[in-house]
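See below for the structure under consideration.
Every value quoted in this text rests on a predicted model; they were computed, and no experiment measured them. In this chain, residues are counted from 1 in sequence order.
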Amino acid sequence: MEQMVKKKIGVRDIMTIAAMMVINFAIAMVIGMVTLPFPAVYLYGSAGIDAFIGATFYLVAANRINKHGLLFAWAAVYGLIQGVMGYMFLVPYFLIVALIAELCMVGKNTYRSAVRNRIGWMVNSIGNFVGCAIPLWWSWDSYQEMAASSGFDANTLNMQLSMVTSPALMLLGIVITAVLAILGTLFGQRLLRKHFQKAGIVG
């Protein structure tokens with residue numbers, strides 16, 4: 001019974017997750033703003049760049065906490081953020097992504113397994129990329145208005161529409177995102193061994 005209690009996510013764990021997510025999402029917003037003037041990079045690369053940089057922060061949380069529910073919480077909170085931003089219909093989608101990503105982590109000590117973290121983070125990252133297409137599939141007209149008010153120009157919107165209506169282009173975006181997510185976990189794992197473990201930040 002005592003072991004089961006220890007395996008539940010506690011207040012300190014939530015604080016760790018929140019800290020890593022805040023840093024990750026702040027960086028993601030910067031990446032979005034920097035890449036937006038370059039439509040091809042923004043559409044096909046921003047989710048992957050987010051995944052590459054965010055992998056380190058995710059791995060810090062994963063190795064510190066090592067408890068099931070972390071990846072579910074990470075993806076679910078991202079979905080809630082999208083809902084607050086006006087895309088409430090994305091919340092159920094991201095809950096499904098959260099469930100699939102968490103199922104990839106079934107087993108003992110998987111949050112300290114480099115391979116399992118790689119798989120779980122890749123699934124989460126692909127979910128984020130595909131999630132960007134859903135508002136266009138859901139309602140192109142209302143998305144156009146929201147995107148225009150966020151600084152999207154006509155060229156970016158047209159390229160985005162071409163991407164989400166082409167299975168080949170969507171697959172290209174998924175592959176780019178998956179590769180960058182995997183590279184991010186490899187880089188992050190190296191950082192953990194070289195710096196974070198020595199500093200005592202992770203075990």
Side-chain angles (χ1 to χ4, degrees), residues 21 24-25 27-36 38-55 57-58 62 69-106 116-148 150-152 155-185 188:
M21 287 189 76
N24 182 29
F25 291 145
I27 292 172
M29 287 178 69
V30 172
I31 290 168
M33 288 187 291
V34 170
T35 57
L36 187 56
F38 311 97
V41 177
Y42 177 80
L43 296 174
Y44 295 96
S46 60
I49 297 168
D50 290 348
F52 181 89
I53 296 173
F57 302 105
Y58 161 72
L70 165 59
L71 202 47
F72 181 89
W74 194 288
V77 168
Y78 184 80
L80 291 173
I81 291 171
Q82 295 298 315
V84 169
M85 291 171 66
Y87 301 106
M88 283 304 297
F89 55 85
L90 281 176
V91 175
Y93 166 77
F94 277 104
L95 288 176
I96 294 169
V97 171
L99 181 61
I100 295 171
E102 186 60 42
L103 285 172
C104 293
M105 306 305 289
V106 170
R116 295 294 285 279
N117 273 323
R118 201 166 298 146
I119 295 169
W121 184 246
M122 180 185 68
V123 168
N124 174 71
S125 302
I126 290 172
N128 289 347
F129 171 77
V130 175
C132 294
I134 291 177
L136 284 81
W137 293 332
W138 184 271
S139 177
W140 168 244
D141 292 332
S142 60
Y143 177 78
Q144 269 186 304
E145 292 176 17
M146 293 184 74
S150 301
F152 282 49
N155 183 42
T156 303
L157 280 169
N158 290 334
M159 282 185 67
Q160 193 169 18
L161 182 61
S162 297
M163 181 183 77
V164 302
T165 52
S166 167
L169 293 178
M170 281 298 294
L171 182 60
L172 174 63
I174 288 170
V175 170
I176 291 171
T177 304
V179 169
L180 287 173
I182 291 169
L183 291 175
T185 56

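The distance from atom CG of Leu180 to atom OG1 of Thr185, rounded to the nearest 0.5 Å, is 11.0 Å. The CD1 atom of Ile119 sits 13.0 Å away from atom CG of Leu103, with the distance rounded to the nearest 0.5 Å. Between the OG atom in Ser125 and the CD1 atom in Ile176 there is a gap of 13.5 Å [rounded to 0.5 Å]. Here Phe72 contributes atom CZ and Met105 contributes atom CE; the two are 15.0 Å apart, rounded to the nearest 0.5 Å. Of the inter-residue distances, the one linking Gln82 atom CD with Ile134 atom CD1 reads 10.0 Å to the nearest 0.5 angstrom.
A perpendicular orientation is assigned to the rings of Trp74 and Tyr58, their planes being inclined by more than 60° (bins at 30° and 60°).
Scanning all heavy atoms of the two residues, the minimum distance from Ile31 to Ile49 falls at CD1-CG2, 3.6 Å. Closest heavy-atom contact between Ser162 and Leu169: O-CD1, 3.7 Å. The two residues Ala181 and Met122 come nearest to each other via the heavy atoms CB-CA, 4.0 Å. Looking at every heavy atom in both residues, Ser46 comes nearest to Thr35 through CB-OG1, 3.9 Å. The two atoms that bring Glu102 and Leu70 nearest to each other are OE1-N, 3.7 Å, heavy atoms only. Taking all atoms of both residues into account, the shortest heavy-atom contact from Leu43 to Met163 is O-SD, 3.8 Å.
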Verdict with reasoning, Ile96 to Ile100, per side chain to side chain contact (heavy atoms under 4.5 Å, CB included): CA-CA 6 Å; Ile96 294 169; Ile100 295 171; 3.9 Å; yes
Intermediate values then yes/no, side chain to side chain contact (heavy atoms under 4.5 Å, CB included), Phe94 and Asn128: CA-CA 8 Å; Phe94 277 104; Asn128 289 347; 3.3 Å; yes
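Between the side chain of Thr177 and the backbone N or O of Gly173 there is at least one donor-acceptor pair closer than 3.5 Å. Side-chain N or O atoms of Tyr78 include none that pairs as donor or acceptor with a backbone N or O of Phe25 at under 3.5 Å.
When each of Leu157, Asn155, Asn158 is tested with Pro39 by the rule side-chain contact (heavy atoms from CB on, under 4.5 Å), just one qualifies, namely Asn155.
Qualifying side chain to side chain contact (heavy atoms under 4.5 Å, CB included) partners for Ala133, counting only residues two or more places apart in sequence or in other chains: Trp137, Val164, Met170. Scanning for side chain to side chain contact (heavy atoms under 4.5 Å, CB included) contacts around Leu80 gives Val91, with sequence neighbours left out.
In Phe38, the CZ atom is not crowded: 12 or fewer heavy atoms of neighbouring residues, nucleotides or ligands sit closer than 6.0 Å.
Looking at heavy atoms from C-beta onward, Ile182 lies out of side-chain contact with Trp121 at the 4.5 angstrom threshold.
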